Amino acid sequence: MRSTVCEQIGNTPQFPNVTPHPHTPPDPEGTWHDPGDVKPSRSLLGLPELGWPDIFQSCSEAMDAEDEPCLQKAAPHSLSPAEALGEVVHSSPSSSSPSLLDGQAEEGSLEQVQTMVVGEVLKDIATACKLLNIEADPLDWSCVHVQKWLLWTEHLYRLPQSCKMFQELTGKDLCSMSEEDFRQRSMQCGDMLYAHLDIWKSAAGMKEGREGKSSGDNAWSEVVSHYPSQPIHLWQFLRELLLKPNNYSFCIRWINKEKGIFKIEDSAHVARLWGIRKNRPAMNYDKLSRSIRQYYKKGIIRKPEVSRRLVYQFVNPV
DNA sequence: AATAAGGAGTCAC
DNA sequence: GTGACTCCTTATT
C-alpha cells in the first residue's frame with residue numbers, strides 16, 4: 001500500500017523530488033545523528049516551502065503507524081501547504097465513473113492522499129495546541145501566544161532565534177503581515193515562519209465555510225476540543241512528544257514502545273520545549289530530570305532494568 | 001562534562 | 001497537599 005502511494009507521489013508533478021527526511025530515524029544501534037550536524041540543504045529543512053515535508057511525513061505516518069527508516073518525503077514545489085489544504089477543502093470526493101481515465105484515477109489517488117494529509121496536518125496542529133496551550137486559530141493569539149508559537153516553531157525546526165523581532169505582536173498582527181514583512185523581521189527564517197503560519201491560518205480557515213465530510217473535520221474538532229487545555233503534567237508532555245515521532249523523534253523517541261521505554265535524544269531540546277510550555281525560560285535538563293525522578297516513587301516513570309543514560313520507562317505503557 | 005540520584009526550600013494552584 | 005521549579009551535593013559514566 002505504501003509503496004503504491006509513494007510511487008504515485010513520486011510520479012506526480014506536485015511531488016517531484018523525493019528526498020530523505022532530515023529527521024531520519026536512528027540506526028539499530030540507537031545512535032542518532034543530529035540533523036544539525038549533517039547540515040541538510042535548505043530545501044530539506046523546508047525553506048521556504050517548509051510545511052510540506054512535515055505534512056508529507058505526517059501523511060506517511062498515517063499510512064504506516066511504524067516509524068520506519070524507509071519512509072521518504074517529498075520536497076514541495078508547485079503546491080503550497082495552504083493551497084493543498086484549500087484544494088482538499090473545496091474538492092468534491094463524489095464523482096467516480098467506471099470509465100475513469102488514468103489521469104482521473106491518479107487525481108483520485110492524489111485527492112485521497114491530500115485528504116489524509118489535511119487530516120494529519122490538523123492533528124499535528126491539535127498536538128501543538130495541546131503542548132503549547134494555545135488556540136488553534138492564530139487570530140485568537142495574544143502576544144504571549146505568538147511568542148510561544150514562535151519559540152516552539154523555532155526550536156522544533158531548529159531555526160535561529162528571531163522571536164524578539166516579533167515582540168508585542170498579537171496573532172491578528174501576525175496574520176496581517178506579508179511574507180515580505182516576515183523576511184524583513186527575520187532574514188534567516190522569516191519565510192519559514194510565514195509558511196508555517198500560513199498552514200495554521202489555512203487550517204483555521206477550514207473551520208468556517210463547510211460542513212463536516214472529510215477526515216479533516218474530525219481532526220478539526222480535535223483541534224478545538226483541546227482548548228482551553230488543562231495544565232499538563234511532565235509525563236503527559238513527554239508522552240505527547242513520543243506519540244508524534246515524525247515531529248519530535250529527533251529529540252525524544254521510543255526505544256521499546258510496548259514496554260514504554262524511551263530515550264531523550266536531545267536533553268537540552270526537550271527541556272527547552274518543556275520550558276516553553278511552562279513559561280519557564282530557565283528550564284534545563286537538570287531540572288527536568290529532577291522532575292522525572294520525582295515520578296519514581298509515584299510509580300509513573302522509572303529507570304529501565306538495564307539503566308542507560310537518558311533512557312526512562314513509563315511504568316504503565318500505552 | 002554530562003548525567004543520575006535524591007535532599008530540601010519555595011511557589012502556584 | 002500536590003506538582004513542579006530551583007539549587008544543591010555526591011556519585012557515576
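Just so it is clear, the model here is predicted, and its values are computed rather than measured.
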(message) Do A:Leu193 and A:Leu150 have side chains that approach each other closer than 4.5 Å (heavy atoms only, starting at C-beta)?
(response)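 Touching, per the 4.5 Å side-chain cut-off.
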
(message) Within the 4.5 Å heavy-atom criterion, are A:Ile301 and A:Phe314 side-chain neighbours or not?
(response)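 A:Ile301 reaches A:Phe314 side chain to side chain.
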
(request) Check whether A:Ile292 and A:Ile300 end up in the same hydrophobic cluster, where Ile, Leu, Val, Met, Phe, Trp and Tyr are linked by side-chain heavy atoms less than 4.5 Å apart. (result)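 Same hydrophobic cluster.
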
(message) Could you check whether A:Arg183 pairs with A:Glu179 (Lys NZ or Arg NE/NH1/NH2 to Asp/Glu carboxylate O, under 4.0 Å)?
(response)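 Yes, A:Arg183 and A:Glu179 are salt-bridged.
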
(message) Quick check on DNA chain C: between A:Lys298 and A:Pro281, whose nearest nucleotide comes earlier from the 5' end?
(response)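 Result: A:Lys298.
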
(message) Can you give me the first and the last nucleotide of DNA chain C (5' to 3') that has an atom within less than 4.0 angstrom of a non-hydrogen atom in chain A?
(response) C:dG3 to C:dT13

(request) Classify the side-chain pair A:Asp124/A:Thr127 by whether it contains a donor and acceptor separated by less than 3.5 Å. (result) no

(request) Write out all pairs satisfying side chain to side chain donor-acceptor pair (under 3.5 Å) with one or both partners inside residues 296-305 of chain A, taking only residues at least two apart or from two chains. (result) A:Arg302-A:Gln313

(message) Set out, in order, the CA-CA distance, both residues' side-chain angles and the distance that settles side chain to side chain contact (heavy atoms under 4.5 Å, CB included) for A:Tyr285 and A:Val270, then state yes or no.
(response) CA-CA 8 Å; A:Tyr285 180 69; A:Val270 172; over 6 Å; no

(message) Going by ring pair (Phe, Tyr, Trp, His ring centres under 6.0 Å), A:His269 matches just one of A:Tyr157, A:Tyr248, A:Trp274, A:Phe250. Which one?
(response)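 In the set A:Tyr157, A:Tyr248, A:Trp274, A:Phe250, the residue that makes a ring pair (Phe, Tyr, Trp, His ring centres under 6.0 Å) with A:His269 is A:Phe250.
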
(request) Classify every nucleotide of nucleotides 1-9 of chain B by which part a protein heavy atom approaches to under 4.0 Å, writing B for the base, S for the sugar-phosphate alone and - for neither, in 5'-to-3' order. (result) -BBSBBBB-

(message) Any base atoms under 4.0 Å from A:Trp235, or only sugar-phosphate, or nothing? Heavy atoms, all strands.
(response) nothing

